[in-house]
Amino acid sequence: MSDASSEPQAAASALTRLPKTYDPTSVEDRIYKMWEDSGAFTADATSTKEPFVISMPPPNATGQLHLGHAVMLALEDIFIRFARMQGKEALWVPGTDHAAIATEAVVIRQIQKEEKMPDPRATLGREEVLRRIADFVMKSQGTIRSQVRKMGSSCDWSRERYTMDPMLNRCVNEVFVKMYNDGLIYRGHRIVNWDPKMKTTVSDDEIERKEEKAPFYTFQYGPFQISTARPETKFGDKYVVMHPDDKRYKKYKHGDTFEAEWMNGPVTATVIKDKAVDPEFGTGVMTITPWHDAVDFEIAERHELDKQQIIDYEGKLLPIAEEFSGMPIEKARPLIVGKLQKKGLLVKTDENYVHAVAVSYRGGGVIEPQIKEQWFVDVHKEVVLWKKKKMSLKQILQEVVRKKEIAIIPERFEKTYFHWIDNLKDWCISRQIWWGHRVPVYYCEVCTSGKTVTTEKTEGRRQKTVGMFVSVKALDRCPACGGSMHQDEDTLDTWFSAALWTWSTLVDPALADDFSLDLPELLKRSPDFQKFHPTSVMETGYDILFFWVARMILMTTYATGQIPFKTIYLHGLIRTRDGKKMSKSHPETMIDPLDIIPKYGADALRLSMIVGQSPGNDSKLYEEKIAGYRNFINKLWNASRFVLMQCEEAGIDPAEVRDTSFETRELSLADRALLYALEELVEDVTKGIEAYRLSEVGERLYGFVWDFFCDWYLELSKGNANHAVLIHALRRILKLLHPYCPFITEELWAHMKPQKSGLLIKESWPAEKKERKDKKSFDDLHHVIDIITAVRSLRAEYGIEPSKLGTVTIVSKKIELLESQRENIMRLGRIDVLTIQEKSLGSTKDLASYFLEKTEVHLHLAGLIDIEKEKTNLSKEKETLSKLIGAIEAKLKNKEFVARAPEEVITGEREKLASYQEKLTKIEERLKNL
RNA sequence: GGGCAAUUAGCUCAGUUGGUUAGAGCGCCACAUUGACAUUGUGGAGGUCACAAGUUCGAAUCUUGUAUUGCCCACCA
């Protein structure tokens, strides 16, 4: 290499100043800014190009980037960059979610702690609490934004949205009103999941069940024995229920009454027969607590039984519990059992009873079912017009997936999806927290207080309330009487607004205050919605298939008449080395992308999460894996550095190399083989990404760059470099690798792009050129590679130092090919005397031999040969071959095989047999000669 | 209780409609040190594809059963 000081061409020498190792920290932020400034992320709604759209699942506005986000961003960025390079109008909409319960909880806790305020909601009031939460969100929103950038996400920041943006809020109200008018939203007293800790209802999907061991008591109740793990709910019990077909209780008729001594003295109880009771369980008889149990509630509804509240919303007993009134349930339970025992009513206690306790997903508090007046989405009512049929929301959910309008990857999740729909009940959408989209319902203080509130049952459970108005626009005055109004206190489930995400983000924000437009009109006047909806791919974790994905399908199809996306790609969870969930309680197993990126680079992190991860399956991540991909990135860096140095030495400016410059020149075997392999690579990568096989494609690229391009092509090109081919190959590689590793490829591209080209992110995806596919060259090169490997293997076997050159004889019929590759074979095999001949070597003894198909490789080892070792090696090989030959012969003798197997399989076997036999003969000859 | 998945080298995983001497990365063993790269190179060892039966000319691959592990769903008081 030339001395830098004697080099006058400062511009050219700059290339070799690429550092020996790639340093992502000095590159990534700068590259990201270049992309952003270039406008490459910004999609054009007026373009005529085919759209390709992804809505980014919005992280919590107050969140921190974690591996779940990282894997999502990496996958989506690959899809988007690939589509963009393919010439599609690629749009990736970023945004953040207000995460109602989670955010409110964080801020409340913070106030409690910092200002020693036990109940901030009571002390500060709604307006002040909301102002503080909004402040907090504003301050922390920037964090997640910059972290999303760190991953290299090429999303369109000019279209960034937040679930609480005015237009998105408007969309929520529009949909609520539409659903109310269609009878799909109703208000009713139903049993809901009450979280006494957060003081709000939560939906069925927001609770999880935890197995818990609890004493299981059996009590005497009149003539019956009933069992329960929750005696504290039993104060008001006055019905016993049994299965109608249970013979043991045949003499009791439905509606019979009897006297029973119970907690607070004698009660009159009624016999109810209902199929919900399992005769096999316990005594087959139970008492019911309709206010605090979903099944009991349904039984009570069926038979129009009385319902009574026993536990308040704080989790304390009500006055019906007499001396236990005001007591928290955990404390009261043993005391109640004690009281019943004293009365002689406790029959037995099973201490080993295990049951599933419902726990709040967020707060972790034990859920207490309660009857409350809440807002619900009716999923059964068949009023939605879809493809000219009236359907329920449930039916729409099934229809679009069954008719393949939406595909789920991996397919098996369709089953899970359908199963979930089958069990879907009406969705409770109101929450008793303040942070969120307030229910757009207004109550007249005059109408409702002037007249008594009358409710009339219309259809089923739906009720109509006088003085209640559901409105998109805020109402100050009662439209009926002009009286002052107040808005419903509740807010909507976070998933209600999230369910609109694919399209509410595309509605023109400028129209947010134009109330002269209805929803269809808003959509019509939004160019983004017109151009970019439905979106192409919804990529997210399988763990929110129900929470979010299904609800988007439900709400979007209903509200816009369009499916929200065509394909659902579900990725798995990233776990620790031991397959456990990464959790903050075990910091040693945690991998924090924010630590990893500075250390290994975003490209390496991306690869380590994508390769080895298949859709729908969890994958494991640990630091060595990431380091491995960091090494790969560095390998690519050095290969490029090498090529650039070669160009520099030859006085060639890579920018002037045109993609076809090599076509007029004489190409070496390796060049022709490389060109073939590159075209194959283009085909595999393109088809692979199109089929969502990202892991496979990643491995393919990794192997190509390292095992073929670096290990063979670059080595072969040394001393005989075809600079045009080198540059062409690297450009191809950079393009194909760009969606996976955007940073390093963009950085290297700057050094070798053609003169007039700009950023790699805007380059077009390579098209496969079939005319360059010279397979024979590729196969020939592989033969040469096999020979070189054979020589190396023989040398290693005999411990010949790499510095010592060897004498080798190759016996082959492919004289012309091998002669043309003489230099390469000698250099890479470390040979100084090479004989290539057609005729066999006869009885020479001091040879170590390696037998390839059609070619023998002999290493001359004057004096060093260990004949016994050689014999053992060859005999081993002979044995293996004999076995293989035996197996194939048996196959070919089998008439059934010859008759039934396809022609090409049979010819294949015959060819294999012939080549094995030839090799065997050679080995036997050689053994005889030793 | 119902459903879904997984089980292939010491570890993490590929293996696309059944036909390969079953592959890769990491780790391991031996050798190599100013040569694009030690974040490296060269060579090597390592697997009865969880088990059993079946379908087939032929099974890691298809069917059934068993075992182990993980996940999801469910109203068993």
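Not measured: the values here are computed from a predicted model. Here is the naming used below: chain letters follow the sequence lines, and residue numbers restart at 1 for every chain.
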Side chain to side chain contact (heavy atoms under 4.5 Å, CB included) partners for A:R795, two or more places apart
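Applying side chain to side chain contact (heavy atoms under 4.5 Å, CB included) to A:R795 gives A:V791, A:I800, A:R830, A:L859.
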
Taking [X] first and then [Y], would you say they form a salt bridge - that is, a charged N and a carboxylate O separated by under 4.0 Å?
X      : Y      : answer
A:E212 : A:K210 : no
A:R700 : A:E696 : no
A:E715 : A:R827 : no

Which pairs would a plain distance check flag for residues 877-884 of chain A, meaning a side-chain donor or acceptor within less than 3.5 Å of a matching protein atom at least two apart in sequence or in another chain?
residue: A:T880; atom: OG1; partner: A:K876; partner atom: O; Å: 2.9
residue: A:S882; atom: OG; partner: A:K878; partner atom: O; Å: 2.7

Structure string for RNA chain B in dot-bracket form, Watson-Crick and G-U at under 3.5 Å, | interchain
(((((((..((((.....[...)))).(((((.......))))).....(((((..]....))))))))))))....

With a 4.0 Å cut-off on heavy atoms, is [X] in touch with a base, just the backbone sugar-phosphate, or nothing at all?
X      : result
A:K718 : base
A:E715 : base
A:K635 : base

Polar-atom pairs under 3.5 Å, protein N or O versus N or O of nucleotides 73-77 of chain B: list them with distances, or write none.
residue: B:C73; atom: O2'; partner: A:H419; partner atom: ND1; Å: 3.4
residue: B:C76; atom: O2; partner: A:D278; partner atom: OD2; Å: 2.7
residue: B:C76; atom: N3; partner: A:D278; partner atom: OD2; Å: 3.3
residue: B:A77; atom: OP1; partner: A:Y353; partner atom: OH; Å: 3.1
residue: B:A77; atom: OP2; partner: A:Y353; partner atom: OH; Å: 2.2
residue: B:A77; atom: O5'; partner: A:Y353; partner atom: OH; Å: 3.2
residue: B:A77; atom: O2'; partner: A:S227; partner atom: O; Å: 3.4
residue: B:A77; atom: N6; partner: A:D278; partner atom: O; Å: 2.9
residue: B:A77; atom: N6; partner: A:F281; partner atom: O; Å: 2.9
residue: B:A77; atom: N1; partner: A:D278; partner atom: N; Å: 3.3

In residues 787-796 of chain A, which residues come under 4.0 Å of RNA chain B by heavy atom?
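Result for residues 787-796 of chain A: A:T789, A:R792, A:S793, A:A796, sorted by number.
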
Could you list by number each residue of residues 598-611 of chain A showing a heavy-atom separation from RNA chain B of less than 4.0 Å, or answer none if no residue does?
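Close to the strand, none.
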
Which residues share a side chain to side chain donor-acceptor pair (under 3.5 Å) with [X], sequence neighbours left out:
X      : result
A:R412 : A:N617
A:Q917 : A:E889
A:T540 : none

Rounded to whole Å, please give me the gap between CG in A:N894 and P in B:G58.
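Interatomic distance, CG of A:N894 to P of B:G58: 7 Å.
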
Checking A:Y361 now: which residues fulfil ring-ring contact (aromatic ring centres under 6.0 Å, His included) with it, not counting sequence neighbours?
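ring-ring contact (aromatic ring centres under 6.0 Å, His included) list for A:Y361, sorted by chain: A:F547.
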
All ring-ring contact (aromatic ring centres under 6.0 Å, His included) counterparts of A:Y239, not counting sequence neighbours:
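With sequence neighbours excluded, A:Y239 shows a ring-ring contact (aromatic ring centres under 6.0 Å, His included) to no residue whatsoever.
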
So that I know where these two stand, are A:F708 and A:F704 an aromatic pair - ring centroids less than 6.0 Å apart?
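Centroid separation for A:F708 and A:F704: below 6.0 Å.
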
Ring centers of A:H355, A:Y353 separated by less than 6.0 Å
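A:H355 vs A:Y353: aromatic centres under 6.0 Å.
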
If you assign each of A:A639 and A:K415 to its closest nucleotide in RNA chain B, which residue comes earlier from the 5' end?
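Its nearest nucleotide lies further toward 5', so the answer is A:K415.
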
Quick one: are A:L681 and A:L701 in side-chain contact, heavy atoms under 4.5 Å?
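A side-chain contact under 4.5 Å exists here.
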
Any side-chain N or O of A:K620 under 4.0 Å from OP1/OP2 of B:C13?
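So the side chain of A:K620 is within the cut-off, an N or O lying under 4.0 Å from OP1 or OP2 of B:C13.
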
Can you give one letter per nucleotide of nucleotides 14-30 of chain B, 5' to 3': B if a protein heavy atom sits under 4.0 Å from the base, S if only from the sugar-phosphate, - if neither?
S-B--BSB---S-----

